[in-house]
2 protein chains.
Amino acid sequence: MAHTQHQHSLTRELACINQVPIFQHLSDEQKVSVAQVTRPVHAAKGETVFAMGEVSQTLYIVNTGQVRLYHLAADGHEQVLRVLNPGDFVGETALFTDEIHASFAAATQTGELCTISRAALTALVKTLPPVALALLQALADRLKTAERQATLLAIPDALPRLAGYLQAISGRQAITLTLPMSKQDLAAYLGMTPESLSRKLRQLAKAGIIETVGRRQIGIIAPEKLAELAPE
Amino acid sequence: MAHTQHQHSLTRELACINQVPIFQHLSDEQKVSVAQVTRPVHAAKGETVFAMGEVSQTLYIVNTGQVRLYHLAADGHEQVLRVLNPGDFVGETALFTDEIHASFAAATQTGELCTISRAALTALVKTLPPVALALLQALADRLKTAERQATLLAIPDALPRLAGYLQAISGRQAITLTLPMSKQDLAAYLGMTPESLSRKLRQLAKAGIIETVGRRQIGIIAPEKLAELAPE
DNA sequence: CGTGACCTTGAAATGTCTCAAGAGTAGTGG
DNA sequence: CCACTACTCTTGAGACATTTCAAGGTCACG
């Protein structure tokens, strides 16, 4: 079925490609060759994109919407691993081995995903050096944030962990930011309980460092003070 | 000085290349072209390879010996980020931006490093697809372990954190393994105090799950019991 | 063989977790 | 459109685990 769709037009595929940073710096004809191996997938809010344990040979790139990656512990507790916004991708290990998904992926907002099979992606990397470089850059970036996250979580005290996180996602600017997940998810992500997170946020607010705007927004008022609390 | 050395022979450079997994699957002539842009560096035990804050445009690959990457906190406390064994590398972000080293690197065992400049590495990725693929695989692997490490550290209780770590480095086998760092470094790496680590190791030993052999060796006796304690 | 660093062990203090209940918010259905 | 409901988030008090702080033991190294 997908085959005939591809014959019709590549507009949907190209729309995918054009949104994604990885393919941003390609020429038009290079984008077409990428589009030919891309399969768009629609994901409605709440829909499961893939489940844990499934075998995959596919790279998923979020075009629009938002996808939440999470673990499901034995006690039914969900642990958010990562939140995929437009341009983010998952499944890069499928490039080399049959990846057994270690997590669930569910859309938190309706949107479009682009999928590329392992074989096609390998071919792209071999024939289009810019794709290889862009992928390397994306992986290097993610590696950096993952390693930062790991060193952050190694801190026993909750306050510097939270401060370090806020500093990282605010870019040390005095901006108002929207949290990428609910506070209970964020708490688990930061290795603490929702109660602790709530208390620490209040503590920062009382110190005049942040202000909470609504339920998912936080205004960074004093980035310098945040930096003092964060490691280094 | 390096220039004339290169003219003499590429034996040292090729020795480097041949040891490194990234370049393993190249043809002989491809290896030569890599060797031509490789600069070997000797690192004596205890020697500093690079310091935090230094600007780098170089990829470092460990050929022989061992290199320890670590943070230096304001209070002088050292936090080990990663231990590089032969085949491991650091500095991949230098591929894209002038990396400001976020850590120190010091040799814990005398050995040889291979260094490749950003420009040369970029050129290699563009001209030799196998290099690009190998780099991608290496980054994907590191990403996987880093993300696993992050989810592990998000657990509040020390015992499952330790169990998860032991499980990861033992490969779920009943083997005797050598710790890659001192126990006080390992404690910081796992987000606990040396005292806690000592107590938890004793606890595992009393339960007949592990045994401590000397100061840096641990024998895994019951991998299944370890898996029960580790998350999932 | 001595010295120093690493590791272990012990007891008290602190911080976070757990458990429980109450507010606020968002989304739903009448 | 409003009220209701369900959920998330907050707040409080007690229990617990880990961190501190301090000292002793053990191993590796010169």
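Residue numbers begin at 1 in each chain, while the letters A, B, ... track the order of the sequences.
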Distance-only donor-acceptor check, side chains [X] and [Y], under 3.5 Å:
X	Y	answer
T93(A)	E99(A)	yes
Q66(B)	N85(B)	yes
T178(B)	Q217(B)	yes

| query | Looking at CG of L201(B) and CD1 of I210(B), how far apart are the two atoms once the value is rounded to the nearest 0.5 Å? | reply |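 That separation rounds to 5.0 Å.
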| request: Measure the CG-CE distance between L159(B) and M192(B) for me, rounded to the nearest 0.5 Å. | output: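 It is 8.5 Å, given to the nearest 0.5 Å.
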For [N], does OP1 or OP2 lie under 4.0 Å from any side-chain N or O of [X]?
X	N	value
K183(B)	dT8(C)	yes
K200(B)	dA17(D)	no
T193(B)	dT18(D)	no

May I have the distance from [X] (atom [atom1]) to [N] (atom [atom2]), rounded to whole angstrom?
X	N	atom1	atom2	value
Q203(B)	dT18(D)	CD	C1'	12 Å
L197(B)	dA17(D)	CG	P	18 Å
Q184(A)	dA6(D)	CD	C1'	13 Å
L190(B)	dT18(D)	CG	P	13 Å
I218(A)	dC9(D)	CD1	C1'	13 Å
L201(A)	dT10(D)	CG	C1'	11 Å

Do [Y] and [X] meet the salt-bridge criterion of a basic N to acidic O distance under 4.0 Å?
X	Y	value
R142(A)	D88(A)	no
E195(B)	K183(B)	no
R172(A)	E224(A)	no
E13(A)	R39(A)	no

| said: Does L72(A) have more than 12 heavy atoms from other residues, nucleotides or ligands lying within 6.0 Å of its CG? | reply: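 Yes, enclosed.
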Under-3.5 Å N/O pairs linking protein and nucleotides 22-25 of chain C:
from	atom 1	to	atom 2	distance (Å)
dT25(C)	O4'	R215(A)	NH2	3.4

| Which of these, Y70(B), F104(B), Y60(B), sits in a ring-ring contact (aromatic ring centres under 6.0 Å, His included) with F50(B)? |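 For F50(B), the ring-ring contact (aromatic ring centres under 6.0 Å, His included) test succeeds with only one of Y70(B), F104(B), Y60(B), which is Y60(B).
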| query | Could you write nucleotides 9-14 of chain C as a row of B, S and -, 5' to 3', where a protein heavy atom under 4.0 Å of any base atom gives B, of only sugar-phosphate atoms gives S, and otherwise -? | reply | BBB---
| Residues from residues 148-170 of chain A lying under 4.0 Å of DNA chain C - heavy atoms |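 Heavy-atom contacts with DNA chain C come from A158(A).
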